[in-house]
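Reminder, nothing fancy here: chain letters follow the sequence lines and each chain counts from 1.
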2 protein chains.
Amino acid sequence: MGDPFSAIYAVRSGFFKTTVVHEMGHEQVVGFFMCGELFGLDGVGSATYNCTAIALEDSEIVVLPFALMQDLAQENQAMQRQLHQILCREITRDHGVMMLLGSMRAEARLASFLVNLSARFVRRGYSPSDFVLRMTREEIGSYLGLKLETVSRLFSQFQKSGLLNVQQKHVCILDPQRLQQLLATST
Amino acid sequence: MGDPFSAIYAVRSGFFKTTVVHEMGHEQVVGFFMCGELFGLDGVGSATYNCTAIALEDSEIVVLPFALMQDLAQENQAMQRQLHQILCREITRDHGVMMLLGSMRAEARLASFLVNLSARFVRRGYSPSDFVLRMTREEIGSYLGLKLETVSRLFSQFQKSGLLNVQQKHVCILDPQRLQQLLATST
DNA sequence: CGTGGGGTTGACTCAAGTCAATTTGGGTGG
DNA sequence: CCACCCAAATTGACTTGAGTCAACCCCACG
């Protein structure tokens, strides 16, 4: 954050979080990015980045100089459309998170988070039901607008009710169906 | 929402809200737009709009066909940059809302909302301290992740503590300084 | 002049936060 | 290789901020 904007970044391997900081040191996670996903888009409009990105494990990224992308977009219509799509998808993604933070109960938030992760893993050819979280409970909580204790309690509760198995960072989803249904649990 | 995407919209006069709907009817306000602001950006990436826009009073809009804007951007570098900036600003704006929803107490959320409105009014040459809300308590609540009763109570509380005067939709900010300080009230 | 949607207020409830004690497990240095 | 260390995670007891439910008021509109 604050660095002059010059490029956007594609995750080649590994796992990242992005955070924004509020007045006076309070910080919040605004996104998690895995292989094949892009971050740094928030800098496009301003002279500097508005987020800080942090690798949650050893990772590799591809640097995409934005000036170059703009030139390509100017020459090539398909490329331009692609670029706009990328920016817009970030907007839509954020709206989803706003929805989650604004109107879902803690239970539904965590369920939504897990369903989302699962979908992203499966798209990459990993198991949809068996994965390792790269982030801490505190980071999950920050992203979901919850305290770390609440996140921990919810994991335990989900486990007790047979939805999944948790062993620290290792999660195994047992009943994806019921997890999905939790999302609809209205306020 | 759901209509085929074709254009973005600039508010020429009046006031709009945009909403997204969650599984099964539950709806949330994701933005308010006044004179000079743009909405409909959420449709850029997909074939259809992801939000519904609703005028909160008699309003006029300028329709900006997106295909046309893309053509212009392709010819003109400054135009292209402008367009990217517009999209990105929406992302940054959303991050701000995520921060608000994820980590601020009810009091701070409403204060933030009022400070933001005030800044936008003053930029348009209106009074920063004296304005009429075009939206209901319920819409404010939906946007801020609060219930309408909570919003109403907060207005009363702010009034009692001399921060502002409220008379239904008419708001008069008495102590902008202290209102600003409320934002820092950490969780 | 009645009607109804929006707003206000009070009493009560409960989901999530806070504080604090304890466990787990990975990583490090002797 | 083992013992220790410490950050992360878990769990319990208690508190509290915001939600819920319900009664009532205000005022714009037909």
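Put simply, CZ on B/Arg153 is 11 Å from C1' on D/dA22, counting in whole angstrom units. Atom pair A/Leu148:CG and C/dT24:P shows a separation of 18 Å (rounding to whole Å applied). We find that CG of A/Leu133 is positioned 17 Å from C1' of D/dA7, with the value rounded to whole Å.
Partners of B/Tyr49 under the ring-ring contact (aromatic ring centres under 6.0 Å, His included) rule, at least two apart in sequence or in another chain, are B/Phe5.
Rounded to 10°, the angle separating the first-five-pair axis and the last-five-pair axis of the helix from C/dC1-D/dG30 to C/dG30-D/dC1 equals 40°.
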- Query: Is there a ring-ring contact (aromatic ring centres under 6.0 Å, His included) between A/Phe16 and A/Phe39 once you walk through the steps?
  - Reply: CA-CA 9 Å; A/Phe16 287 80; A/Phe39 62 84; 5.0 Å; yes
- Query: Are A/Phe15 and A/Phe33 close enough, and set up right, to give a ring-ring contact (aromatic ring centres under 6.0 Å, His included), and what steps lead you there?
  - Reply: CA-CA 6 Å; A/Phe15 210 93; A/Phe33 299 89; 8.9 Å; no
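The pair B/Glu37-B/Arg120 meets the salt-bridge criterion, since a charged nitrogen lies less than 4.0 angstrom from a carboxylate oxygen. Under a 4.0 Å N-O distance rule, the pair A/Lys147/A/Glu149 does not qualify as a salt bridge.
Side-chain contact between B/Met104 and A/His22 is present, with at least one heavy-atom pair separated by less than 4.5 Å. Counting only heavy atoms from C-beta outward, the side chains of A/Met34 and A/Arg124 approach each other to under 4.5 Å. Side-chain contact between A/Leu114 and A/Leu179 is present, with at least one heavy-atom pair separated by less than 4.5 Å. Here the side chains of A/Thr48 and A/Asp3 are not in contact, with every heavy-atom distance at 4.5 Å or above. Annotation: side chain of A/Leu110 is in contact with side chain of A/Leu144 (closest heavy-atom distance under 4.5 Å). Between B/Asp94 and A/Met98, the closest side-chain pair of non-hydrogen atoms falls below 4.5 Å. By the 4.5 Å heavy-atom criterion applied to side chains, A/Gln70 and A/Gln74 are not counted as neighbours.
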Please write out each protein N/O paired with an N/O of nucleotides 13-16 of chain C under 3.5 Å, distance rounded to 0.1 Å.
unit_1, atom_1, unit_2, atom_2, d
C/dA16, OP1, A/Ala106, N, 2.6

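Mapping A/Glu149 and B/Ser156 onto DNA chain C via the closest heavy atom, the residue that lands nearer the 5' end is B/Ser156.
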Check residues 161-172 of chain B and write down every donor-acceptor pair under 3.5 Å in which the side-chain atom is one partner and the other belongs to a residue at least two apart or another chain.
unit_1, atom_1, unit_2, atom_2, d
B/Ser161, OG, B/Gln157, O, 3.2
B/Ser161, OG, B/Phe158, O, 3.2
B/His170, NE2, B/Asp130, OD1, 2.7

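Residue A/Ser152 places no side-chain N or O under 4.0 Å from the OP1 or OP2 atom of D/dA9.
For DNA chain D, no neighbouring residue in residues 135-144 of chain B is found when judged by any heavy atom under 4.0 Å. Within residues 157-175 of chain B, the residues having any heavy atom closer than 4.0 Å to DNA chain C are, in order of number, B/Gln168, B/Lys169.
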